[in-house]
Structures are given as structure tokens and as C-alpha cells.
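Have a look at the structure below before the remarks.
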Amino acid sequence: MSDLVDQASQKQAALLLEALPYMQKYAGRTIVVKYGGNAMTDDQLKLSVMRDLCLLQTVGIKIVLVHGGGPAINRAMEQANRETHFIDGLRYTDETDLQLINAVLSGEVNKSLVAGLIKSGAKAVGFSGVDGSLIQAKQRSAKLGYVGDVMKINPDLLTLALEQGYMPVIASIGVDSEGQLYNINADTAAAEIAAALGAESFVLMTNVRGILQDPADPDSLYRDLTVTQLQELIASETIQGGMIPKLEAIIQAMQAGLHKAVILDGRVPHALLLELFSDRGYGSLISN
């Protein structure tokens with residue numbers, strides 16, 4: 001039995017030693033994490049993510065968490081007897097829808113995440129993109145209603161929060177100069193925030209392993225890609241469907257100064273730690 005205990009202890013020690021140089025590398029640096037999908041709706045996975053984020057903050061990494069809330073919005077729309085319409089993959093948003101979406105994202109989802117982080121031992125504070133005109137936006141098109149494109153990120157509030165040791169948690173609602181609110185794609189908002197902050201890395205947690213050569217084969221993972229290679233894969237239609245807007249958001253942010261981005265499977269417990277603190281990594285790494 002003592003031999004088994006010793007082996008287990010040695011393995012744990014080896015994992016910590018493997019993580020050490022990465023902890024040192026990221027200490028004091030900013031990492032922006034986009035969080036949503038199944039990892040947000042499964043209570044056990046949500047707890048796992050909150051604890052992982054707390055650990056990252058505890059070892060000195062500055063974390064900014066940007067979230068969506070599609071499942072919660074869908075549930076609220078159903079309860080309000082509102083029909084959901086998608087145009088070109090984006091949720092049509094009229095004035096009534098916008099009020100409901102803002103209440104769900106900026107209220108229910110945002111405060112639930114902040115409370116979960118505090119319960120896990122983190123220092124966290126909630127914002128929406130409206131606060132301090134954090135996410136300046138404009139209407140994308142009349143046919144989509146109050147769906148907006150990001151025009152500019154004003155990171156002052158985030159910088160102040162990070163300097164005081166807090167983890168900002170951001171709902172993806174934008175605002176224009178007239179005070180009009182807009183529903184903003186959370187992937188795009190997160191990537192733009194990462195670029196504006198000069199983040200060391202942007203981590204996009206999604207519902208697939210990463211970027212796959214064959215969507216039906218989870219082992220066909222691209223582990224390392226440059227922006228140029230990524231553009232070629234999109235142009236050749238090797239990558240299709242819902243992954244394309246995520247990757248386009250990353251490409252745009254990297255052209256604006258983002259250092260690197262990672263796409264990984266948020267359904268896997270501790271995927272974030274496996275990616276950041278292990279030699280092998282876990283998701284698909286994109287760099288210039």
C-alpha cells in the first residue's frame with residue numbers, strides 16, 4: 001500500500017512541477033476567457049470552471065471572463081412566449097427581445113457567475129458592456145434589429161478592476177453614443193476585449209475539442225495553427241458552420257494586436273488548466 005501511495009504522491013508532485021514554469025510565465029499577465037455553452041448549463045462543470053478560474057487568479061494571473069447565455073435566453077424567451085428567429089446564424093432582436101436579453105445576460109447570468117466565483121474563493125465583479133461604454137457598438141443591419149457590431153472597447157473599468165485584484169465578469173451587451181443598447185456576439189466581444197487589453201492569451205471555451213480536420217473525428221485536432229493557415233482553412237471550406245464566426249473573431253482580434261488564442265472544449269473538466277499548465281496542452285492554439 002505504501003508503494004501505491006508513494007507512486008500517487010510522486011505523480012501529483014510531477015504534475016505540479018510541470019505546471020510551475022507555466023504559472024511563472026503567466027503570473028501578472030492577462031488572460032481573457034470566453035465562457036458559455038454546456039459548461040455553463042451543467043452545474044458540476046460550472047463549479048469546475050469557477051474553481052479553475054479561482055486557481056488561476058490565486059497564482060497571480062489576471063483573468064477577464066466574458067460570457068454569453070444562449071440557453072438562459074432561450075428559456076426566458078419560451079417563458080415569455082416569444083418566438084426566436086435566426087437570420088444568417090444571428091438572433092433577430094426587437095426592442096422587447098432586447099430588454100429580455102439584457103435582463104438575462106446582465107442580471108441573471110452575470111450575477112450567478114460572480115456569485116459562483118466568490119463562493120469558490122475568487123475576487124470577482126460584474127459588468128455589462130454598457131458600463132463605462134465598455135463595448136461601444138453600432139447596429140449591424142436593420143433586418144437583424146438590435147444586433148450590434150463592436151466599434152471600440154474602452155477597457156478603463158477592466159484595468160482598474162484588475163489592478164485592484166478583481167476578476168471582471170462581462171455580459172456581452174453593447175451601447176452606442178446615443179445610449180441605445182445592442183445584443184453583441186459574445187465570441188466577438190471577448191476577442192476584441194482581449195486585443196484591447198493586450199492580453200497574453202484569449203481562451204474560447206466551446207462545445208468541441210478545438211479545430212478539427214474532420215468534424216466527426218475528435219482525434220483529428222489541429223494543435224497549432226498560424227493566422228495565415230487558419231485563413232486558408234476557412235477559404236478552402238475545410239472549416240464550416242458555427243466555428244467560422246468564432247475563428248473570424250479571433251483573426252480580427254489578432255490583427256488588432258492579440259498575441260495568441262486557444263479554442264478548447266469547455267465540456268471537459270479542468271480543460272482550462274490542462275491547456276495552460278501542461279506541456280501537451282489540450283485545445284487548438286492559434287498564433288501569428
Using a distance-only test with no angle check, is there a side-chain donor-acceptor pair under 3.5 angstrom linking Thr228 and Thr226? no

Check this for me: Lys111, atom NZ, are more than 12 non-hydrogen atoms of other residues, nucleotides or ligands nearer than 6.0 Å? yes

So do Ile184 and Val147 actually touch side chain to side chain, heavy atoms under 4.5 Å? no

Contacts of Arg51 that satisfy side-chain hydrogen bond (donor to acceptor under 3.5 Å, both in side chains) - sequence neighbours left out: none

Please determine, by modelled atom types, if Arg91 and Asn74 share a side-chain donor-acceptor pair under 3.5 angstrom. yes

Is a side-chain donor or acceptor of Glu275 paired with a backbone partner of Gly283 at a separation under 3.5 angstrom? yes

Side-chain contact, heavy-atom cut-off 4.5 Å: Gln99 with Tyr146? no

Identify the heavy atoms of Leu225 and Leu230 that sit nearest to each other, and give their distance. CD1-CD1, 4.0 Å

Kindly determine whether Val130 and Leu134 satisfy side chain to side chain contact (heavy atoms under 4.5 Å, CB included), including the steps that lead there. CA-CA 6 Å; Val130 180; Leu134 198 165; over 6 Å; no

Between Leu197 and Val64, is a side chain to side chain contact (heavy atoms under 4.5 Å, CB included) present by the stated rule, with each step listed? CA-CA 10 Å; Leu197 286 170; Val64 177; 3.8 Å; yes

Taking C-beta and beyond as the side chain, do Ser128 and Asn110 meet within less than 4.5 Å on heavy atoms? no

For Ser220 against Asp217, the heavy-atom pair lying closest together: OG-O, 2.7 Å

Is there a side-chain contact between Leu113 and Tyr35 in this structure, where contact means two heavy atoms from C-beta onward sitting under 4.5 Å apart? yes

Are Ser106 and Asn102 close enough that a side-chain donor and a side-chain acceptor fall under 3.5 Å? yes

Side-chain donor-acceptor contact under 3.5 Å, Lys152 with Ser133: no

Any Tyr22 side-chain heavy atom under 4.5 Å of Leu276 side chain: no

Run the salt-bridge test on Asp94 and Arg82 with the 4.0 Å N-O cut-off and return the result as yes or no. yes

Mind running side chain to side chain contact (heavy atoms under 4.5 Å, CB included) on Thr84 and Ile73 for me, showing each step along the way? CA-CA 10 Å; Thr84 298; Ile73 292 171; over 6 Å; no

Donor-acceptor contact present, side-chain Ser284 to main-chain Ile211, <3.5 Å: yes

Trace of the salt bridge (charged side-chain N to carboxylate O under 4.0 Å, His left out) decision for Asp149 with Lys138: CA-CA 5 Å; Asp149 285 325; Lys138 71 171 185 178; 5.9 Å; no

Return each pair, listed once, that meets salt bridge (charged side-chain N to carboxylate O under 4.0 Å, His left out) where at least one residue sits in residues 171-194; pairs must be two or more places apart or across chains. Lys34-Asp187, Asp187-Lys246

Could you go step by step and tell me if Leu98 and Gln180 meet the side chain to side chain contact (heavy atoms under 4.5 Å, CB included) rule? CA-CA 10 Å; Leu98 180 65; Gln180 175 61 55; 3.5 Å; yes

Taking the side chain as every heavy atom from C-beta outward, state whether Leu264 and Thr206 have any atom pair closer than 4.5 Å. no

